[in-house]
Amino acid sequence: MADRITVIGWDGTPLTEAAGAALAAATLVAGAPYQLGALPVPDAAERITLGDIRQAARRIAEHRGAAVVVAEGDPGFFGVVRTLRRPEYGLELEVLPAVSSVATAFARAGMPWEDAQVVSAHGGRLRRAANICRAHPKVAVLTAPGAGPAELALMLRGVHRTFVVCEALGTPDEDVTVLTSDRIADHVWRDPNVVLVIGGAQAAAVDQAAGWLAGRPVGYPGAERGWALPGDAYAGAGRTGGETGASEELPAHVRALVLARLGARPGDLVWSVGAGNGALAVEAARFGAAVVAVEGSRSACARLAVNARRYGVEVEAVYGSGPEVLGGLPEPDAAVVESGGPEVVRAVLARKPARFVALARTFAEVEEISRAIGAAGYRADGVLLQSTPLRSAGEGGGLELGAGGTGALVLWGEQIV
């Protein structure tokens with residue numbers, strides 16, 4: 001193992017005395033080509049270009065001498081430190097950080113960022129990063145070759161955002177460009193870069209709120225505690241709408257089961273088809289998922305927008321019904337068909353969400369939908385969920401069975417691996 005491994009974060013400013021001394025004593029230096037060219041690397045030192053970090057870590061572990069790894073900004077923040085500390089390499093590190101590229105990017109934009117989400121598009125995670133940008137009004141994206149600003153903007157087509165693209169931060173070639181998302185794909189961007197994605201219906205409310213928790217959850221502050229809230233917590237409760245005339249309100253206990261089966265989480269994209277007033281869509285968004293809600297009633301879409309604003313989440317409402325409207329939507333990780341029947345179910349299953357839920361109106365629909373779930377390559381399951389409300393028993397206190405029990409036919413499927 002190397003006698004000493006020092007990880008130096010470099011943000012383009014002059015090295016600290018400790019970092020300069022470590023570099024001067026190094027017999028092996030690993031870094032990006034522009035870093036190796038710009039820093040005073042000793043002539044006798046072995047140079048390693050950082051590409052595959054794991055391969056570099058193995059070489060460093062075999063080295064006898066003083067090794068230095070140069071990384072961008074803060075190497076402990078989405079940086080090389082996590083990989084270098086893996087137990088199989090047996091490396092002991094001294095880390096000398098600089099200002100992280102994310103902090104620098106927000107500084108260049110003149111914006112606070114304790115309320116921002118920070119995601120990495122490295123490792124094939126561009127789609128999940130884009131879903132975070134759909135769900136949150138302030139996101140910093142650490143890009144990668146082939147997963148840069150242009151590719152991110154294409155993933156977000158139809159979603160209006162402002163991009164702050166920060167190229168070559170801390171170098172003489174530094175450039176900061178502010179463009180709307182529809183213009184980003186027209187440019188060629190240099191690596192490395194950091195992209196700030198700003199905007200959405202909740203941007204102003206989030207920016208004005210005093211925060212205490214970094215990367216605050218969706219819907220905070222002001223969001224009501226809990227989920228599967230009572231129906232009257234949402235505008236439009238009890239109304240009927242959509243082409244089927246079905247109730248826009250799913251009972252709270254039904255929503256709880258559907259949400260559990262969907263398993264929505266940050267980085268996911270959830271479809272809610274036949275969304276009604278959006279109670280279920282809003283609650284999926286409160287778990288941090290990006291949500292597209294499809295609804296065939298314009299008045300219901302309006303109430304859905306009201307409910308999203310009330311709970312401080314981003315829900316993209318798409319007006320329309322039937323399979324034809326689904327073709328232009330981004331790929332879902334999970335989907336629920338609240339209304340629409342077997343035809344819509346088959347159209348949603350054709351897009352292969354990992355998790356799927358449908359609500360049936362009749363036992364005949366249960367049979368047809370369950371067959372569709374199985375034919376699409378999913379393991380089908382379901383339940384008849386019946387409930388009877390409890391009411392006050394009178395002056396003596398306590399509760400007793402009330403009238404007006406309800407039943408719901410809920411089916412779900414998970415892809416068979």
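None of the values given here were measured: they were computed from a predicted structure.
- Considering L411, V410, L384 in turn, L411 is the only one that fulfils the side chain to side chain contact (heavy atoms under 4.5 Å, CB included) rule with V366.
- Applying the salt bridge (charged side-chain N to carboxylate O under 4.0 Å, His left out) criterion to R82, with sequence neighbours excluded, gives no partner residue.
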Check the pair H187, L179 against side-chain contact (heavy atoms from CB on, under 4.5 Å), reporting the backbone distance first and the verdict last. CA-CA 10 Å; H187 291 67; L179 290 173; 3.5 Å; yes
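- Remark: side-chain polar atoms of Q415 are paired, donor with acceptor, to backbone N or O of K352 under 3.5 angstrom.
- Atom CZ of R59 sits in a crowded spot, with more than 12 heavy atoms from other residues, nucleotides or ligands closer than 6.0 Å.
- Applying the side chain to side chain donor-acceptor pair (under 3.5 Å) rule to R371 yields the partners E367; only residues at least two apart in sequence or on another chain are considered.
- Contact check for I198 versus M111: side-chain heavy atoms found under the 4.5 Å cut-off.
- In terms of the salt bridge (charged side-chain N to carboxylate O under 4.0 Å, His left out) criterion, E94 has no residue partners (sequence neighbours excluded).
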Just do the side-chain contact (heavy atoms from CB on, under 4.5 Å) check on R286 and V282 with the steps written out, would you? CA-CA 6 Å; R286 291 181 66 201; V282 167; 4.3 Å; yes
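- Looking at E167, its side chain does come within 3.5 Å of a backbone N or O of R190 through a donor-acceptor pair.
- R134 places none of its side-chain heavy atoms less than 4.5 Å from the side chain of M155.
- S101 places no side-chain N or O within donor-acceptor distance of the main-chain N or O of G73, the cut-off being under 3.5 Å.
- Checking side-chain atoms of R355 against main-chain N and O of V336 turns up no donor-acceptor pair under 3.5 Å.
- Side-chain contact, D173 with T171: no donor N or O sits under 3.5 Å from an acceptor N or O.
- Separation of atoms CD1 (I5) and CG (L28) is listed at 10.0 Å; rounding is to 0.5 Å.
- When V337, I369, V254, L385 are each tested for a side chain to side chain contact (heavy atoms under 4.5 Å, CB included) with L359, only one passes: V254.
- By the 30° and 60° cut-offs, the orientation of the rings of Y311 relative to Y234 is tilted.
- In the displayed structure, R127 atom CZ is contacted under 6.0 Å by more than 12 heavy atoms of other residues, nucleotides or ligands.
- A salt bridge links R346 and E368; the closest N-O separation between the charged side-chain nitrogens and carboxylate oxygens is under 4.0 Å.
- Not a single donor-acceptor pair under 3.5 Å links the side chain of W271 to the backbone N or O of V294.
- Of the possible polar contacts, none joining the R108 side chain to the A105 backbone as a donor-acceptor pair under 3.5 Å is found.
- Under a cut-off of 6.0 angstrom, the local environment of CZ in R47 is crowded, with over 12 non-hydrogen atoms contributed by other residues, nucleotides or ligands.
- A donor-acceptor distance shorter than 3.5 angstrom exists from the side chain of H122 to the backbone of T143, with no hydrogens or angles considered.
- Taking the centre and axis of the six-membered ring of Y319, the NZ or CZ atom of R298 falls inside the cone set by 45° and 6.0 Å.
- With values rounded to the nearest 0.5 angstrom, L196 atom CG is found 4.5 Å from F106 atom CZ.
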Full working for side-chain contact (heavy atoms from CB on, under 4.5 Å) between Q55 and I48: CA-CA 10 Å; Q55 183 176 343; I48 296 177; over 6 Å; no
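- Proximity of a side-chain donor or acceptor of R351 to a complementary backbone N or O of L329 within less than 3.5 Å is detected.
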Report the C-alpha distance between W412 and V383 in whole Å, list the side-chain angles of each, state the deciding distance to 0.1 Å, and finish with yes or no for side-chain contact (heavy atoms from CB on, under 4.5 Å). CA-CA 9 Å; W412 59 85; V383 67; 3.7 Å; yes
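- No side-chain donor-acceptor contact under 3.5 Å links D11 to the backbone of G170.
- Applying the 6.0 Å contact sphere to CD of E174 captures more than 12 heavy atoms from other residues, nucleotides or ligands.
- A donor-acceptor contact shorter than 3.5 Å links the side chain of E295 to the backbone of G276.
- A salt bridge is defined here as a Lys NZ or Arg NE, NH1 or NH2 lying under 4.0 Å from an Asp or Glu carboxylate O, and D268 with R128 meets this definition.
- In the displayed structure, E331 atom CD is contacted under 6.0 Å by more than 12 heavy atoms of other residues, nucleotides or ligands.
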